[in-house]
Every structure is written in C-alpha cells, then in structure tokens.
*Asks:* 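Take this structure first; my questions come after.
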Amino acid sequence: MEREWEFEAPGDPTLSADLDTCTEALALLDEVIMYTFQQCVYHLTKTLYSLLPALLDTNPFSLLPQGQKKKTKKKKKRERVTEKEGEKEESKSEEVERSGEGEERVEEEQEEGEGEGEEKEEEEGEGGEEEGDETSLPPTVARLVDVYRQSLALCQEAQLSPPLTSQTFGYLFFFTNTSLLNTLLERGCRPEGMFSWSRAVQIRTNLDLVLDWLQGAGLGDIASEFLRKLSITVNFLCIPKTRLIQSSWSSLLEDHPLLSPAQLNHLLKHYRLGPARATPTAWTPPPDTDLSTDIFESFLDHPPLILPNETPRLDLSEPIPSPELQKEVTRIRSFIWGLDQDELPANQRTRL
C-alpha cells in the first residue's frame, strides 16, 4: 500500500509525512507483539520446566489403566520400539549373563509387561479411546499435556493467526526438546543412571503418550519436528542390549546422524551394561574424532518469531464485535485526535 501511494504521489510532502508516521507506528506495533510473545512463552516455559522431568521419572506401566497399556504405541509417523524384538533380545541376554538379579531381571519383567497384548493392539487399529482424552494419561503426564491444551485454547480464544499459533507451539516444543534432552544427558552419568533399556522404554512410552495427544489436537507435525532429537536419543537407548553391544561406533554414528560424536560417546560411555560387563571395544571412537564439543543443546538456538504478512482477522471495514475492543479503539482514537488538535493554531481547533 505504501509503495502504491509513493508511486501515485511521489512528491507529496503530506503523504510522505503520513507514511513516515505509519512506518513508526508499525515498528512500535512490532515491538509490542515481540514483547507480548516473549512474556507469554517465558511464563509458559517456566511452568513447563517444573513439569517436564516427570516424563523421565514416571513409570507409565504402573499408572496407566489396564486397557490403556495396549494402546500406548500407535506408530503415527514416528519410530516405535518393537517390544517383541526387545523381549526376545533381552531374554537371550539374561540367559548369557545368568545374573538372575539387578537390572537384567527388571528389564525382563518390564518387557513382559509391555509386550503383553501387542498383537491385539495392532488388530484393534484405531479403535478405542478418542484422541485428546487426558483422562487416559498418567497424572504426571496429564499435567504436562494440560499446559499444551490450555495454551492452545488461549490461542484460539484470542483468535491468534495460524502462523503465530504454530510459531508459539514451535517455541514451546523447542524448549521441551532442549530441556528434556539436556536433563537426560546430565542425569545419565549419575550413579543411579538413566541410560538403560528398561528406563528408556518408560521414557519412550511417556513421550508417545504426549505425542499422541498432540497429534489428536492438530499439533503432531510441529511436535514431531521440534522433538525429533529427543525422540532419536530415546530410540537409541531403546535398542536391545544384545544388539547394541554388537554394534560398532561407525554404524551407530551413521544410524543416528542427529547425535554429535560427543553426545554419542557420552551415551555409550555411561550406558548401563550391568556389573559384569565391560564397555565393548567396538564402541571406541577413532583417535581423530572430535569429542570436545558441548554435549548439551543450547537454548539460544530457538526458532525466531516471524510476523506473518497475511490479511489480519480483524476486518476494519466491519463493526468491531467486541465491546471491550471497541472501547480501547475509541480511547486510542480520541488520544491521537487530541494530539493532532494540539498542533493546530488555536483558531483552527475543533476542540477547545
């Protein structure tokens, strides 16, 4: 519009002044939108930060209703862990180790609980609970999902444009991915450890429950994009132990390109093989491998906010439907009109 006016009357000083004023007003409006966005995501991520660790600590199999345990792996455009394969592989591992205690027994019991009814699950297909039903989730996972649900409801209530809604959730999922991945990597080297098959399957199930709900809410594509690295890392830890110890460094690095060499080395170095197992020599990276990079993800790499150029939802040619908005527009218009009047000579003012 500005370019059309400049073409029609390139030398009109009044029009040029109006355009300069309009440009300044739009620049201020951009700042207001940016500040509002920053404040919104700040408070939302602050809430998420306290709820996200539950996805790493919660055992979903002890909290899900019995009927729901067969529906946690829906395989909607995402990689899934094959529990039957893990069950067979881990059973072989137990026969080899013959330890009869500790993590091996826990993993066997976990696999049996997970694998039960998988064939029935695939036969059921898409039947059963409706997408977006929070009542079927473990309480700790449901509280996290509720933040996403209320955020989506607020965007819809405020009639936020689809591009801005997508960018808002893109930032929330970026924060979710970065925070959870960093926490997982940091806690993996602690004595209690988190790098084991049994723990990874629990995390994978919790993550799938969240992703399935987001898919039903229409946010699945955005979530899959921004949670990809966390998902890949958890899938790596879900590899059955007997298959993992037979893998080489080069094959693992090739199969998981999103993981940096430093991150992959950290996962392998602190993987819980059991008290009687030494780290396989095949996991040793080549001497020229750069392992000096930071294993943690940076929060500074968040996606930028790009203001859309689409036609706004508010049609200026139609009456304003909201009385509150009408009141604010009238107040701003009266204020701007008052500024214009103050600049005129006293004998030309329409208001004394």
*Asks:* How many angstroms lie between atom OG1 of Thr140 and atom CG of Leu209, to the nearest 0.5 angstrom?
*Replies:*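 It is 9.5 Å, given to the nearest 0.5 Å.
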*Asks:* Show the numbers, then the answer: is there a side chain to side chain contact (heavy atoms under 4.5 Å, CB included) between Thr279 and Lys269?
*Replies:* CA-CA 7 Å; Thr279 303; Lys269 182 179 178 181; over 6 Å; no
*Asks:* First locate atom OH of Tyr171, then atom SG of Cys40, and finally report the distance between them rounded to the nearest 0.5 Å.
*Replies:*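 Spacing of OH (Tyr171) from SG (Cys40) equals 12.5 Å.
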*Asks:* Side chain to side chain contact (heavy atoms under 4.5 Å, CB included) between Ile203 and Met194: does it pass, once the steps are laid out?
*Replies:* CA-CA 10 Å; Ile203 299 173; Met194 298 194 74; 4.1 Å; yes
*Asks:* Specify the closest pair of heavy atoms between Pro308 and Ser161, including all atoms of both residues, with the distance to one decimal.
*Replies:*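 That closest heavy-atom pairing would be CG-OG, 3.9 Å.
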*Asks:* Find out whether Thr183 and Leu52 are in side-chain contact, i.e. whether some heavy atom of one side chain is under 4.5 Å from a heavy atom of the other.
*Replies:*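 No, side chains not in contact.
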*Asks:* Could you report the tightest heavy-atom contact between Leu181 and Lys229, atom names first, then the distance?
*Replies:*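 Minimum heavy-atom contact is CD2-CG, 3.8 Å.
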*Asks:* Is Tyr49 reachable from Phe226 through a run of hydrophobic residues whose side-chain heavy atoms are each under 4.5 Å from the next?
*Replies:*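 Yes; Tyr49 is reachable from Phe226 via cluster members.
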*Asks:* Should the pair Phe175 and Phe299 be assigned to parallel (<30°), tilted (30 to 60°) or perpendicular (>60°) ring geometry?
*Replies:*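 Ring orientation of Phe175 relative to Phe299: tilted.
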*Asks:* Distance alone, cut at 3.5 Å: any donor-acceptor contact between the side chains of Gln202 and Ser198?
*Replies:*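 Their side chains do not contain a donor-acceptor pair, so the 3.5 Å distance test is not met.
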*Asks:* Calculate, to the nearest 0.5 Å, the distance between atoms CH2 and OG1 belonging to Trp197 and Thr242 respectively.
*Replies:*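 Between atom CH2 of Trp197 and atom OG1 of Thr242 there are 11.0 Å.
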*Asks:* Taking the side chain as everything from C-beta on, heavy atoms only, tell me whether Ser151 gets closer than 4.5 Å to Thr168.
*Replies:*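 In short, these two side chains do not touch, never coming nearer than 4.5 Å.
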*Asks:* Which heavy atom of Pro53 sits nearest a heavy atom of Leu180, and at what distance?
*Replies:*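 Shortest heavy-atom separation between Pro53 and Leu180 comes out as N-CD2, 4.5 Å.
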*Asks:* If every non-hydrogen atom of Leu214 is compared with every non-hydrogen atom of Ala223, which pair is closest and at what distance?
*Replies:*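 Residues Leu214 and Ala223, closest heavy atoms: CD1-CB, 3.6 Å.
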*Asks:* Can you name the closest pair of heavy atoms from Pro261 and Thr289 and give their distance?
*Replies:*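 Closest approach of Pro261 to Thr289: CB-CG2, 3.7 Å.
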*Asks:* Output yes when a side-chain donor or acceptor of Thr205 lies under 3.5 Å from a complementary backbone atom of Val201, and no otherwise.
*Replies:*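 Flag set: sc Thr205 to bb Val201 pair under 3.5 Å.
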*Asks:* Are Leu154 and Leu164 connected, step by step, through hydrophobic side chains (Ile, Leu, Val, Met, Phe, Trp, Tyr) whose heavy atoms are closer than 4.5 Å?
*Replies:*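 Leu154 does not cluster with Leu164.
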*Asks:* Establish, from distance only, whether the side-chain atoms of Glu186 and Asn182 form a donor-acceptor pair under 3.5 Å.
*Replies:*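 No - no donor-acceptor pair under 3.5 Å links their side chains.
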*Asks:* Go through Trp283 and Leu244 one step at a time and tell me if the side chain to side chain contact (heavy atoms under 4.5 Å, CB included) criterion holds.
*Replies:* CA-CA 10 Å; Trp283 289 1; Leu244 186 61; 3.6 Å; yes
*Asks:* Considering non-hydrogen atoms only, spot the tightest contact between Thr284 and Trp249 and give its length.
*Replies:*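 Minimum heavy-atom separation between Thr284 and Trp249: O-CB, 3.9 Å.
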*Asks:* Can you check whether Leu252 reaches Phe236 side chain to side chain, under 4.5 Å on heavy atoms?
*Replies:*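 Yes, close enough: below the 4.5 Å cut-off.
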*Asks:* Using the salt bridge (Lys or Arg N to Asp or Glu O under 4.0 Å) rule, take Asp146 and Arg149 through it: C-alpha gap first, then chi angles, then the decisive distance, then the call.
*Replies:* CA-CA 5 Å; Asp146 190 53; Arg149 182 188 62 79; 2.5 Å; yes
*Asks:* Report the C-alpha separation of Leu144 and Leu48 in whole Å, then their side-chain angles, then the decisive distance to 0.1 Å, and conclude whether the side chain to side chain contact (heavy atoms under 4.5 Å, CB included) test is met.
*Replies:* CA-CA 7 Å; Leu144 173 63; Leu48 286 174; 3.4 Å; yes
*Asks:* Under 3.5 Å, is there a donor on one side chain and an acceptor on the other for Ser248 and Ser251?
*Replies:*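 Result is yes, a qualifying pair exists.
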*Asks:* List the residues meeting ring-ring contact (aromatic ring centres under 6.0 Å, His included) with Phe296, not counting sequence neighbours, and say none if there are none.
*Replies:*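 Result, ring-ring contact (aromatic ring centres under 6.0 Å, His included) vs Phe296: none returned.
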*Asks:* Salt bridge or not between Glu324 and Lys327? Use side-chain N to carboxylate O under 4.0 Å.
*Replies:*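 So Glu324 does not pair with Lys327 through a salt bridge.
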*Asks:* To the nearest 0.5 angstrom, please state how far the OG atom of Ser250 sits from the CG atom of Asp255.
*Replies:*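 Reported to 0.5 Å precision, the distance equals 9.0 Å.
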*Asks:* Would you mind reporting whether Asp57 and Arg199 have side-chain heavy atoms less than 4.5 Å apart?
*Replies:*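 In short, these two side chains touch, coming nearer than 4.5 Å.
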*Asks:* Could you measure the distance from the NZ atom of Lys241 to the CG atom of Leu273? Nearest 0.5 Å is fine.
*Replies:*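 One gets 6.0 Å once the value is rounded to the nearest 0.5 Å.
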*Asks:* Out of curiosity, Ser231 OG to Asn177 CG, how far, rounded to the nearest 0.5 Å?
*Replies:*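 Spacing of OG (Ser231) from CG (Asn177) equals 9.5 Å.
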*Asks:* Looking at His266 and Leu185, would you say the former's side chain and the latter's main chain have a donor-acceptor pair under 3.5 Å?
*Replies:*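 Yes.
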*Asks:* Considering residues, nucleotides and ligands other than Glu254, do more than 12 of their heavy atoms fall under 6.0 Å from its CD?
*Replies:*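 12 or below, so no.
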*Asks:* Would you say Leu137 and Val145 make side-chain contact, with heavy atoms under 4.5 Å?
*Replies:*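 Yes. Closest side-chain heavy atoms under 4.5 Å.
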*Asks:* Under 4.5 Å between any side-chain heavy atoms of Ile295 and Ser260, yes or no?
*Replies:*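 They are not in contact (no side-chain heavy atoms under 4.5 Å apart), so the answer is no.
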*Asks:* Do the side chains of Leu184 and Leu237 get nearer than 4.5 Å, heavy atoms only?
*Replies:*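 A side-chain contact under 4.5 Å exists here.
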*Asks:* Within a strict 4.5 Å, meaning less than it, do heavy atoms of the Leu268 and Phe195 side chains meet?
*Replies:*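 Not in contact.
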*Asks:* If only side-chain N and O atoms count, and only distance matters, is there a donor-acceptor pair under 3.5 Å linking Thr176 with Tyr148?
*Replies:*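 Their side chains do contain a donor-acceptor pair, which is all the 3.5 Å distance test asks for.
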*Asks:* Ignoring hydrogens and angles, tell me if any N or O in the side chain of Asn206 forms a donor-acceptor pair with the backbone of Thr58 under 3.5 Å.
*Replies:*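 Checking the backbone N and O of Thr58 against the side chain of Asn206, a donor-acceptor pair under 3.5 Å is found.
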